[in-house]
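These numbers were taken from a predicted model, which means no experiment stands behind them. Just so you know, ligand 1 is whichever comes first in the structure, and atom 1 is the first atom listed for that ligand.
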Amino acid sequence: MSVLVVGSIALDTVKTPIAEHADLLGGSASYAAVSASFFAGVNLVGVVGDDFPKEHVDYFASRKVDLAGLQIVPGKTFRWSGEYHWDLNTRETRSVELNVFEHFTPALAPGYAATPYVLLANIAPALQHHVLDQMEKPRFVIADTMDLWINIAKEELVSLLSRVDMLILNDGEARQLTGVTSLIRAGREIQAMGPRFVAVKKGEHGCLLFGPERFFSCGAYPLEDIHDPTGAGDTFAGGLAGFLASQNHGTVTFEHLRQAVVYGSVIASFNVEAFSLERLRTLTQGDIVERYEMFKLMSQFEVIAE
Ligand code: AMP
């Protein structure tokens, strides 16, 4: 089964306290599509300018990402620049150049409308709506978002929530969207806005999964060296969506999602080990299985006998 991924495709400039790199392959859809491709076929919907390096297009193709939905138009590719603080959990956006993104209308290539799993990676909620308008009865729809849209497009974001099965957002965004400080209450309040499932990411502290009357807390892999946290959220969402598609369940349940958030966390933990998507270029299925087993071991414990 395949996943349709729509989102941004970018050239990023990223500064950490240790290093700075310019014009890296980035964007929510780039990270999410490559991450999902470790588990399932991917139909990519996005836009780039005619300055977008061919090597990046070739890389997507080498991951068997279907590119019939990739628009290459005259102009410059979307550019984003961010700087991380010492804890690598907080980041400031230094600049955003929308470029070809400004007039982007996502269009589905022939056959895409029937894709059963949909990941609306981080882009303007209006564009996420536009993609959903074109889909024929998808089986499971996941949406990601960011603080910017809660600030400037809250109404469109809230109306999207009643159209999706799952929302993924980080802890700060969950608090911002609901106005409550407790993440548990925030997760429940977001469910009440529409999605049956909500995943709240907590950076290096893992994530919380909310389902109908169920709750799961997934830890994060304790990495010694984090080089670039960019795309952690997008690779988490992509891995989760790709894993679900690979399982091809008639109905997605809380138990399926429990496993999917662990696979999402596994891919995200690899992604932050290097800048851009560099670590994913050498990632193997064996690496994924090994780290999944480590996650399992880390979260098991026995009740101490009296
Ligand atoms: P994350 O680290 O998961 O929050 O995602 C980082 C990626 O989001 C970067 O590669 C950026 O290119 C992309 N990005 C940043 N701002 C936006 C935006 N306003 N719309 C879409 N993508 C964005």
Thr178 side chain to Arg175 side chain, donor-acceptor N/O pair below 3.5 angstrom: no

Verify whether one side chain among Thr230 and Tyr84 offers a donor that lies under 3.5 Å from an acceptor in the other. yes

Thr105 OG1 to Leu127 CG distance, which is reported to the nearest 0.5 Å: 7.5 Å

Any idea which protein heavy atom is nearest [atom], and the distance to it?
atom                    : value
atom 14 (N) of ligand 1 : Phe78 CE2, 4.1 Å
atom 12 (O) of ligand 1 : Asp12 OD1, 2.8 Å
atom 18 (C) of ligand 1 : Met146 SD, 3.8 Å
atom 13 (C) of ligand 1 : Ser8 OG, 3.9 Å
atom 19 (N) of ligand 1 : Leu148 CD2, 3.5 Å

Closest heavy-atom pair and its distance - Thr282, Arg279: OG1-NH1, 3.0 Å

Going by the atom numbers of ligand 1, which of them fall below 4.0 Å from some non-hydrogen atom of [X]?
X      : value
Gly26  : 10 (O)
Thr230 : 2 (O), 6 (C), 9 (C), 10 (O)
Gly233 : 3 (O)
Ala10  : 12 (O)

[X], any N or O under 3.5 Å of ligand 1 N or O:
X      : answer
Asp234 : yes
Gly231 : yes
Arg91  : yes
Gly27  : yes

In residues 181-189, what donor-acceptor pairs under 3.5 Å come from side-chain atoms, sequence neighbours left out?
| residue | atom | partner | partner atom | Å |
| --- | --- | --- | --- | --- |
| Ser182 | OG | Ile184 | N | 3.3 |
| Ser182 | OG | Arg185 | N | 3.1 |
| Arg188 | NH1 | Gln191 | OE1 | 2.7 |
| Arg188 | NH1 | Gly211 | O | 3.1 |
| Arg188 | NH2 | Arg214 | O | 3.4 |

Keeping the roles fixed (side chain from [X], backbone from [Y]), state whether a donor-acceptor pair exists under 3.5 Å.
X      : Y      : result
Thr77  : Ala10  : no
Gln285 : Phe38  : yes
Ser35  : Ala32  : no
Asn99  : Gly75  : no
Gln71  : Phe104 : no

Any heavy atom of [X] sitting closer than 4.0 Å to ligand 1?
X     : value
Arg79 : no
Val96 : no
Tyr31 : yes

For residues 237-252, run the donor-acceptor check on the side chains, cut-off 3.5 Å, and write out each pair with its distance to 0.1 Å, sequence neighbours left out.
| residue | atom | partner | partner atom | Å |
| --- | --- | --- | --- | --- |
| Ser246 | OG | Phe243 | O | 2.6 |
| Asn248 | OD1 | Arg139 | NH1 | 2.7 |
| His249 | ND1 | His256 | NE2 | 3.2 |

For atom 20 (N) of ligand 1, tell me which residue out of Tyr84, Trp80, Trp149 has the closest non-hydrogen atom. Trp149

